[in-house]
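One structure is given here, and the rest of the page talks about it.
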2 protein chains.
Amino acid sequence: MKNLPDKTVERLSQYRRALLVCLADNKMHIFSHELAGLIHITPVQVRRDIILIGYSGTLRKGYDVRELVSLIGKIIDTEEGLRACIVGVGNLGRAIIRYFKDKRTKLVITAAFDTNPEKVKCVFSGVRCYPIEQLESVIREQDISIAILTVPGEVAASVAETLEKAGIRGIINYTPTPLNVSEKIYLGEYDMITSLEKAAYFVKNNRGE
Amino acid sequence: MKNLPDKTVERLSQYRRALLVCLADNKMHIFSHELAGLIHITPVQVRRDIILIGYSGTLRKGYDVRELVSLIGKIIDTEEGLRACIVGVGNLGRAIIRYFKDKRTKLVITAAFDTNPEKVKCVFSGVRCYPIEQLESVIREQDISIAILTVPGEVAASVAETLEKAGIRGIINYTPTPLNVSEKIYLGEYDMITSLEKAAYFVKNNRGE
DNA sequence: AATAAACTGTTAATGAAATAACAATACAAA
DNA sequence: TTTGTATTGTTATTTCATTAACAGTTTATT
């Protein structure tokens, strides 16, 4: 059950979201093909993932939704919860703050940072904005593990360096600048130009998903 | 040279961006290890990708930057260029519009759509916003190939259906709702909660990249 | 001319992920 | 009780992506 494949982890997150909707609809059991249908993958893949996390369904009822949600929670979340911050309160930063508001209890954005004095000390969707100079101290005080980088590309590298010094453990980079951080730090690169150009290539070549 | 691997296409986009910076610095030749260093991958991977697109470097000078940029352009871009639109002009939609402004000549955001009457007819960073009812007609008139979906999750599925009817060829989904569109349509899923939860999992398990 | 250094290009091996095929089981219906 | 059906769970295969190993080539240096 340890060291799950990359893609399985991504799907677990999606499974949970779909399952929470089921629970809200009072649906207590679900078959692999139903869950597969909700996120548009194959039933086999669902079953394989579920085996990987060490869960078993029952033959005529499928999987117990609550148990599965709880198990996925044990895998993705920590008991005490993790805290994240936004670095760079532009449109994108604000979009993410707002979007995450009240979505998860075990994974919360607790601080934002910006250089603009107008933004500092403002509160965006409940998240306070600090001056970038306080990055290190606030991260340590609030025990923030993950940083979401939404600053302009030119300053991304230097901010990442500061984050590393502050002891951050994961960085999600929405900046166009590829980052170079210690192997110890989880790094997710999500550059939007690449996403769009990739789409352009496949559209051009008439290839669907 | 046809049907390049998924990951190679992504890297080509990154190569080009790095190479354009080189050109701006008047650097006309580049070695595989230099290019690899810029985006933090291995030189072997760079060389493999370059072989795949049918290009050759020279032994003592490496790759000709201009030629490589031009070749990548021929692969990713179309002669006439592609047009894209934003559906949903919230913070995220505006962030993307602004971010893409003047970034690429062959890939341009030409329209935005929203239901809010206050936003309709506004121009965001040079991109006009139309009412969602005109989605189909505007897409056809402007020959828009790609839609970037930044609407609330609840309406994503119905918007996607309309996009499909309008003859869209690629959808980039920033919505938390997984989409189900025809196999013919390229679909990129970029849900931010999944990105963050994935980071949480790896941070929790002390696993870097 | 010979040698060494610094590359590119190619093939082979490995690893990760997805798919296919099928075995096993519980239940319903005849 | 038997048979059929729908489902899970498991193993094997295939496909895709990365890494490793090394062969080949040009140029500078001696």
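Numbers restart at 1 for each chain; the letters A, B, ... are given by sequence-line order, proteins then strands. Everything quoted here is computed from the prediction, not taken from an experiment.
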Between [N] atom [atom2] and [X] atom [atom1], what is the distance in whole Å?
X	N	atom1	atom2	answer
D49(B)	dG9(C)	CG	C1'	14 Å
F31(B)	dG9(C)	CZ	P	12 Å
L35(B)	dC7(C)	CG	P	14 Å
H33(A)	dT5(D)	NE2	P	17 Å
K61(A)	dA28(C)	NZ	C1'	16 Å
I41(A)	dA17(C)	CD1	P	14 Å
Q45(B)	dT10(C)	CD	C1'	16 Å
L59(A)	dT7(D)	CG	P	10 Å

>> I'd like to know if the side chain of K204(A) and the backbone of D77(B) have a donor-acceptor N/O pair within less than 3.5 Å.
In response: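 Answer holds: yes.
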With sequence neighbours left out, write down each residue that passes ring pair (Phe, Tyr, Trp, His ring centres under 6.0 Å) with [X], or none if nothing qualifies.
X	answer
Y130(A)	F113(A)
F100(B)	none
Y55(B)	none

>> Quick check on DNA chain D: between T42(B) and R60(A), whose nearest nucleotide comes earlier from the 5' end?
In response: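 Closest to the 5' end, via its nearest nucleotide, is R60(A).
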Indicate every side-chain donor-acceptor pair of residues 78-85 of chain B with a distance under 3.5 Å to a residue at least two apart or in another chain.
{"residue": "T78(B)", "atom": "OG1", "partner": "G81(B)", "partner atom": "N", "Å": "3.1"}
{"residue": "T78(B)", "atom": "OG1", "partner": "G81(B)", "partner atom": "O", "Å": "3.4"}
{"residue": "R83(B)", "atom": "NE", "partner": "Q142(B)", "partner atom": "O", "Å": "2.8"}
{"residue": "R83(B)", "atom": "NE", "partner": "D143(B)", "partner atom": "O", "Å": "3.2"}
{"residue": "R83(B)", "atom": "NH2", "partner": "D143(B)", "partner atom": "O", "Å": "3.4"}
{"residue": "R83(B)", "atom": "NH2", "partner": "D143(B)", "partner atom": "OD2", "Å": "3.3"}

Contacts under 3.5 Å, N or O only, protein and nucleotides 9-15 of chain D:
{"residue": "dG9(D)", "atom": "OP1", "partner": "S56(A)", "partner atom": "OG", "Å": "3.3"}
{"residue": "dG9(D)", "atom": "OP1", "partner": "G57(A)", "partner atom": "N", "Å": "2.9"}
{"residue": "dG9(D)", "atom": "OP2", "partner": "Y63(A)", "partner atom": "OH", "Å": "3.0"}
{"residue": "dG9(D)", "atom": "N7", "partner": "R47(A)", "partner atom": "NE", "Å": "2.9"}
{"residue": "dG9(D)", "atom": "O6", "partner": "R47(A)", "partner atom": "NH2", "Å": "3.0"}

Throw together a table of side-chain donor-acceptor distances under 3.5 angstrom for residues 87-95 of chain A, partners on residues two or more places apart or in other chains.
{"residue": "N91(A)", "atom": "OD1", "partner": "R94(A)", "partner atom": "NH2", "Å": "3.1"}
{"residue": "R94(A)", "atom": "NH1", "partner": "V89(A)", "partner atom": "O", "Å": "3.3"}

> Which parts of residues 7-16 of chain B get close to DNA chain C, meaning a heavy atom less than 4.0 angstrom away?
Replying inline: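 Those residues: none at all.
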>> Testing the basics here: between R140(B) and G167(B), what is the closest heavy-atom pair and its distance to 0.1 Å?
In response: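 In terms of heavy atoms, the two residues are closest at NH2-N, 4.2 Å.
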>> If the condition is salt bridge (charged side-chain N to carboxylate O under 4.0 Å, His left out), which residues does K103(B) pass it with, not counting sequence neighbours?
In response: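 None.
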> What residues form a salt bridge (charged side-chain N to carboxylate O under 4.0 Å, His left out) with R104(A), not counting sequence neighbours?
Replying inline: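 For R104(A) the salt bridge (charged side-chain N to carboxylate O under 4.0 Å, His left out) partners, ignoring immediate neighbours, are E197(B).
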